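See structure below.
Within every chain, numbering begins at 1; the chains are lettered A, B, ... in the order of the sequence lines, protein sequences first and strands thereafter. Keep in mind the model is a prediction, meaning the values are calculated, not measured.
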Amino acid sequence: MVKNNKSKPSKELPSGFVDRQEKELLIRDFVISNIKEVMIKYGFQYLETPSFEYTDSIGKFLPDKERPDQGVFSFKDEKNWLSLRYDLTAPLARYVAKNYLELPKPFKRYQLGSVWRNEKPGPGRFREFLQFDADYVGTRSPQADAELCVLISEILDKCGLDKNDYTVKISSRKFIDKLFDQLKITSKDQKSTTLRALDKIDRLGWEESKKLLSEGRKDKSGDYTKGAKLKKDQIKTIENALKSKSASSEDILEIIKIFEAFNFTNYKFDPSVIRGLEYYTGPVFEVNLNFEVKNAKGQTIQFGSIGGGGRYDNLVSNFGNFDCPATGISIGLDRLVFALMQKKDFKLKSTRPVVICIFDKNKTKEYVGILNRLRSSNVSSEIYPGEGKLKKQMEYANKIGSPAVILYGEDEIKLGKVTLKNLATGNESSVKIEDLVDEIKKII
RNA sequence: GCAGCAGUAGCUCAGUUGGUUAGAGCACUAGUUUGUGGAACUAGGGGUCGGUGGUUCGAAUCCACCCUGCUGUACCA
């Protein structure tokens with residue numbers, strides 16, 4: 001609801017952007033700490049690149065010359081078009097190209113950062129979101145591809161998911177290419193339409209996807225999507241190849257061998273995993289959750305994957321004459337957190353301060369004395385930061401979830417004691433100032 | 001982009017054969033308690049009923065267009 005109020009600015013957010021509150025942020029921090037732990041263990045370097053890049057550095061496909069804002073957020077400074085990054089892979093390729101000679105080969109780095117997409121927001125999908133990327137640059141070894149899947153799995157386990165909650169699906173562009181050769185499908189258009197149709201099998205099922213492989217499909221909203229116009233026997237061959245689930249592609253077989261060495265079993269070969277059409281060149285991965293995710297209204301939503309990636313051997317070479325294979329994986333952290341919040345009841349400590357109530361404005365010295373005593377013992381604490389009666393101060397403490405309040409008024413000052421009130425139980429006790437920290441630590 | 005549904009108080013929502021000053025719960029403010037929160041009671045504040053135009057004696061309600069949100073679908077580096 002955007003109210004057109006000329007005198008005041010809108011309090012609404014731009015479409016696709018959200019405020020995130022502490023509960024969500026604490027879970028996010030928890031996820032991030034797990035990620036860092038795993039990344040260090042696996043030997044990755046930490047990298048940060050800027051939010052903005054030159055537009056033509058972060059994607060040869062974008063922006064559309066006539067519509068520089070399509071898909072990405074862009075603006076022109078005095079000379080050049082700049083864009084907010086839409087993923088972390090393109091900046092990585094740029095970084096590697098820029099520092100090619102100095103970097104170790106292979107180069108393993110991980111990165112956490114927001115990315116922005118100027119497109120319609122969907123369920124759990126926003127125009128600004130936090131991404132995690134781990135990439136191996138400069139190696140063709142299937143060990144790299146395999147380890148990415150293993151590491152993602154380890155992160156999810158640490159976050160509290162168990163093996164039934166998610167599956168790492170793998171496939172390979174080579175498997176599909178082989179199929180295209182076999183079927184003598186050469187038209188680029190037909191290939192990409194076919195890939196898109198296969199990508200939808202998970203969501204629509206075989207019958208509906210088949211319509212997209214042949215003439216086309218009308219969805220329940222009445223919208224019609226043109227199909228790939230394949231012949232019946234071609235579709236049959238594809239169906240058989242996909243349903244057989246035998247990984248008849250060299251790269252996949254090697255990866256699976258390495259999975260076995262790692263004792264990693266929570267994967268599935270699934271040729272319907274397609275991912276981005278343009279830049280993947282070999283194995284592709286996708287991490288899917290196996291439980292239902294609901295939105296704020298309690299409706300079950302099409303959640304899709306929480307992450308994925310694959311091998312992109314040509315991306316770095318876009319920037320120069322490098323032969324630089326690479327493979328990577330990413331997780332959409334906000335989406336993962338959104339799902340985790342529903343799956344698990346996190347008891348993450350959100351430490352709220354002990355509140356020291358104010359009785360007399362002229363006793364600041366006494367209050368600060370108590371405050372310092374608490375803070376120097378690392379007890380989260382504050383002097384009531386407002387103005388008002390004790391009742392108001394109590395209401396405040398209650399509302400912020402404070403564990404206790406300290407009453408230090410005329411009576412207490414005379415006695416050299418403070419009154420400590422446990423807000424959970426309502427108990428009050430009179431304690432000596434020297435014992436205050438110990439007593440509070442019993443409560444929090 | 002296309003389609004379905006929705007938009008009434010800060011939040012969740014009720015309110016159609018069109019009819020006085022538009023309601024509830026929660027939240028908020030004040031009080032019952034001038035040194036005590038979470039419960040209760042009392043009182044109070046808060047709305048151009050998403051916007052604009054139209055039909056009508058009269059519109060939250062009917063019509064048209066627009067905006068925003070949700071869901072699906074398309075596209076997606």
Side-chain angles (χ1 to χ4, degrees), chain A residues 1-6 10-16 18 53 55-64 67 70-72 83 85-91 93 115-125 127 192-193 195-197 199-200 203-204 208 212 216-227 274-280 294-304 309-310 312 315 318 330 355 357-360 384 388-413 418-428:
Chain A
M1 178 195 329
V2 176
K3 282 184 183 158
N4 204 2
N5 190 332
K6 275 178 193 161
S10 171
K11 59 182 187 296
E12 304 303 323
L13 289 168
S15 164
V18 286
E53 299 270 352
T55 298
D56 59 4
S57 301
I58 55 169
K60 56 177 176 168
F61 322 102
L62 283 169
D64 194 313
R67 296 178 301 170
Q70 188 67 12
V72 295
S83 296
R85 64 187 175 205
Y86 57 81
D87 72 4
L88 299 177
T89 312
V115 302
W116 294 266
R117 295 189 187 182
N118 189 3
E119 59 191 25
K120 190 200 126 177
R125 300 180 56 161
R127 297 208 288 181
S192 64
T193 311
L195 287 173
R196 276 190 229 116
D199 200 26
K200 294 184 177 70
R203 195 151 40 84
L204 303 177
E208 293 302 306
L212 289 169
R217 170 180 181 263
K218 197 189 228 178
D219 66 48
K220 63 184 172 190
S221 69
D223 205 22
Y224 188 79
T225 311
K226 270 192 202 162
I274 304 296
R275 307 294 298 172
L277 268 45
E278 295 288 345
Y279 70 59
Y280 289 120
K294 295 183 161 71
N295 66 6
K297 291 182 179 173
Q299 300 165 292
T300 300
I301 52 176
Q302 281 290 345
F303 197 66
Y312 51 98
L315 194 60
N318 282 337
S330 63
V355 175
C357 295
I358 301 170
F359 287 86
D360 181 348
Y384 176 66
K389 293 188 284 195
L390 185 59
K391 183 183 165 88
K392 208 172 169 188
Q393 304 189 35
M394 297 291 293
E395 279 169 355
Y396 165 80
N398 186 53
K399 183 134 197 175
I400 63 169
S402 169
V405 293
I406 288 169
L407 307 181
Y408 193 49
E410 223 179 314
D411 305 347
E412 286 87 353
I413 291 175
V418 304
T419 301
L420 177 64
K421 176 159 186 169
N422 181 332
L423 285 178
T425 62
N427 288 341
E428 274 182 32

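- Side chain of A:Lys120, nearest nucleotide from B:U71, B:G37, B:U36: B:U71.
- A residue-by-residue look at A:Asp199 and A:Leu13 shows that A:Leu13 has its nearest nucleotide of RNA chain B further toward the 5' end.
- Checked by distance alone, A:Asn398 brings no side-chain donor or acceptor within 3.5 Å of a matching partner on the base of B:G38.
- Comparing B:G37, B:A74, B:G35 by their nearest atom to the side chain of A:Thr419 picks out B:G35.
- Distance from the side chain of A:Glu119 is smallest for B:C76 among the nucleotides B:U36, B:G35, B:C76.
- In this structure, the side chain to side chain donor-acceptor pair (under 3.5 Å) partners of A:Thr419, at least two apart in sequence or on a different chain, are A:Glu412.
- In the set B:G72, B:G38, B:A74, the nucleotide with an atom closest to the side chain of A:Arg203 is B:A74.
- Distance, A:Leu212 CG to B:C75 C1': 13 Å, rounded to whole Å.
- Set against B:G37, B:U73, B:G35, the side chain of A:Arg217 has B:U73 as its closest nucleotide.
- Inter-residue side-chain proximity for A:Glu208 and A:Arg203 is flagged as unmet; no heavy-atom pair is nearer than 4.5 Å.
- Counting only heavy atoms from C-beta on, A:Glu428 has its side chain closest to B:U36 among B:G1, B:U36, B:G35.
- The phosphate of B:G37 (OP1 or OP2) has a side-chain N or O of A:Lys391 nearer than 4.0 angstrom.
- With sequence neighbours left out, A:Thr89 forms a side chain to side chain donor-acceptor pair (under 3.5 Å) with A:Asp133.
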